[in-house]
Number of protein chains: 2
Amino acid sequence: MSEVKSSPPPVGGSPRARRKEDARARILAEARRIVLDQGFEALTMRRIAEAAGYSAAALYLHFENREAIARELGEAGMRALLEALAEAGKTVDPLQRLKALALAYAAFGRAEPETYRLIFMEPGFATTALGGKDAAGAAAFALIGGVFQDLTTAGRLRDGLDLEGLALTFWIVLHGMVSLKLTCSAFLVAPEEDLLAAALDNLLHGALRPNREP
Amino acid sequence: MSEVKSSPPPVGGSPRARRKEDARARILAEARRIVLDQGFEALTMRRIAEAAGYSAAALYLHFENREAIARELGEAGMRALLEALAEAGKTVDPLQRLKALALAYAAFGRAEPETYRLIFMEPGFATTALGGKDAAGAAAFALIGGVFQDLTTAGRLRDGLDLEGLALTFWIVLHGMVSLKLTCSAFLVAPEEDLLAAALDNLLHGALRPNREP
DNA sequence: TCAGTTTATGAACGATGTTTAGTGAACACT
DNA sequence: AGTGTTCACTAAACATCGTTCATAAACTGA
């Protein structure tokens, strides 16, 4: 889908630093392929090392930990998710953009379930991926917030709505849907698009019959 | 919160079977304590064995796997969740019941995060816990579905709503909220009650301003 | 009492993440 | 060019993990 690369690739510099950067990139690429092909739990130092043509100990010259490798993969995955969302975020009409964002989010979860699990369902990862310096997560969330901002300025939202809470609710629905699909697929039998459409409809128009006396 | 016990405890029988059942229960109880105290990843066969006064190999006389122990813990957790929800499900008014169910669900996630992670966020567990014979999960979900059923018969829902989809959406919101709180607590800063209230409000009343031309 | 079953153990196997000592090769400096 | 230093790397080891196996003790039923 998208290449794994360190956030700013300082490709220049001494040939030493260049080789080092190459090694890092190769290790990360192989690690990503392992996660994609065999799942996150198959991400083993020895397996990564063999795939990259190193011994296991050599990985510790380029990364502090197994967790550091996984974290980097998660951050790259977050950037990929942001890319997918940004593509959908080009839609002009806010409501259609909202639907496009939802579909893109769900599609990402379906296309790269192990990456999604790595980003959002492993303990201690999402925090760094969301609050890191690059803050790809924050940018992705801002994309959602922008929709409701636009809906507000267009005067299409109810009065007295907490925009932050609304954007959070939207994200919560997306994440709940994707993550449940990953862990309880046997229970969530309905196709995603239908579920998403229903959830969006409920969220936008409400489930209750409009009442005269509030 | 509630004791860990096998679904039907056939406490009678030969003294042999009784001792065996005791051993099983003791092992499960210690396993549960480890998960609660030190987290799921600290659930080690040798640790469980030591806590229960056995050797590691002895555990395999009572359980097939480490996973079997974890699965049993997850099912017990699911029953505990069902209990908590059932308590909230006694509320008469459907709308208040919905809010009570949401609060109970969130409270369970907050009180036993590791149990919740075990049930819903470990790969391959939720499926069995939801579709098992006891089907505590199905009962819990039925509790939610009942609310919307009652709302329907009371004529308080919009026409043409997919009840199943609505209940699923509700559950998705609850799960998305709790699980995000577990993995992205740094990002989800707002207090749970506020978030839940906002999400419920959006779900029930809709975010869009009611429009004349549909 | 004795045969048979059940229950438990210690040692072992393969695999995991990680550390350490040692080995050349590449580099920097005179 | 020679020399000392740093760097990248490996093999071996350590502790721990889940799991298996041979073996011994304890209990059961006759």
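To find a chain, count down the sequence lines: A is the first, B the second, and so on, and within it residues start at 1. Since we're looking at a predicted model, the values are computed, not measured. What you see below is based on every heavy atom in this structure, not just the backbone, and it leaves out hydrogens, waters and symmetry mates.
- Close approach of DNA chain D to chain A, defined as any atom under 4.0 Å from a non-hydrogen atom of the protein, starts and stops at D:dC7 to D:dA13.
- Although no hydrogens or angles enter the test, the distance criterion places a donor-acceptor pair under 3.5 Å between the side chain of B:Thr183 and the main chain of A:Phe120.
- Which of C:dT18, C:dG10, C:dT19 sits closest to the side chain of A:Ala57 comes down to C:dT19.
- Comparing C:dC27, C:dT9, C:dT18 by their nearest atom to the side chain of B:Tyr54 picks out C:dT9.
- Interatomic distance, OH of A:Tyr116 versus CZ of A:Phe40, reported as 15.5 Å (0.5 Å rounding).
- Note on A:Asn65: every side-chain N or O is 4.0 Å or more away from OP1 and OP2 of C:dG17.
- At least one donor-acceptor pair closer than 3.5 Å links the side chain of A:Arg66 to the backbone N or O of A:Leu43.
- Judged by distance alone, with hydrogens and angles left aside, the side-chain atoms of B:Asp194 form no donor-acceptor pair with the main-chain N or O of B:Ala190 at under 3.5 Å.
- No donor-acceptor distance shorter than 3.5 angstrom exists from the side chain of A:Lys181 to the backbone of A:Arg110, with no hydrogens or angles considered.
- Proximity of a side-chain donor or acceptor of A:Arg47 to a complementary backbone N or O of A:Ala42 within less than 3.5 Å is detected.
- Taking atom CG of B:Asp22 as the reference point, atom C1' of C:dT7 lies 14 Å away to the nearest angstrom.
- Taking the screw axis at each terminus of the helix from C:dT1-D:dA30 to C:dT30-D:dA1 from five consecutive base pairs, the angle between the two is 10° to within rounding of 10 degrees.
- Heavy-atom nearest nucleotides on DNA chain C were determined for B:Ala56 and for A:Leu43, and the one closer to the 5' end corresponds to B:Ala56.
- Few gaps surround CD on A:Gln38; more than 12 heavy atoms of other groups in view lie less than 6.0 Å from it.
- In this structure, A:Ala58 and A:Arg46 both approach DNA chain D, and ranking their closest nucleotides by distance from the 5' end singles out A:Ala58.
- In this structure, the CG atom of A:Leu61 is 14 Å from the C1' atom of C:dT23, given to the nearest Å.
- With distances taken from any side-chain atom of A:Arg16 to the nucleotides C:dC27, C:dT6, C:dT9, the minimum falls on C:dC27.
- In this structure, the CZ atom of A:Phe63 is 16 Å from the C1' atom of C:dG17, given to the nearest Å.
- The separation between B:Met45 atom CE and C:dG10 atom P is 16 Å, rounded to whole Å.
- Distances shown here put every side-chain N or O of A:Arg19 at or beyond 4.0 Å from the OP1 or OP2 atom of C:dA25.
- Judged purely by atom type and a 3.5 angstrom limit, A:Asn65 has no side-chain atom pairing as donor or acceptor with the backbone of A:Ala68.
- Atom NE2 of A:His62 is separated from atom P of C:dG17 by 17 Å (rounded to the nearest Å).
- Among the atoms of the strands shown, base atoms are found under 4.0 Å from some heavy atom of B:Ser55.
- A:Ile69 is not listed as a side-chain neighbour of A:His62, based on a closest heavy-atom distance of 4.5 Å or more.
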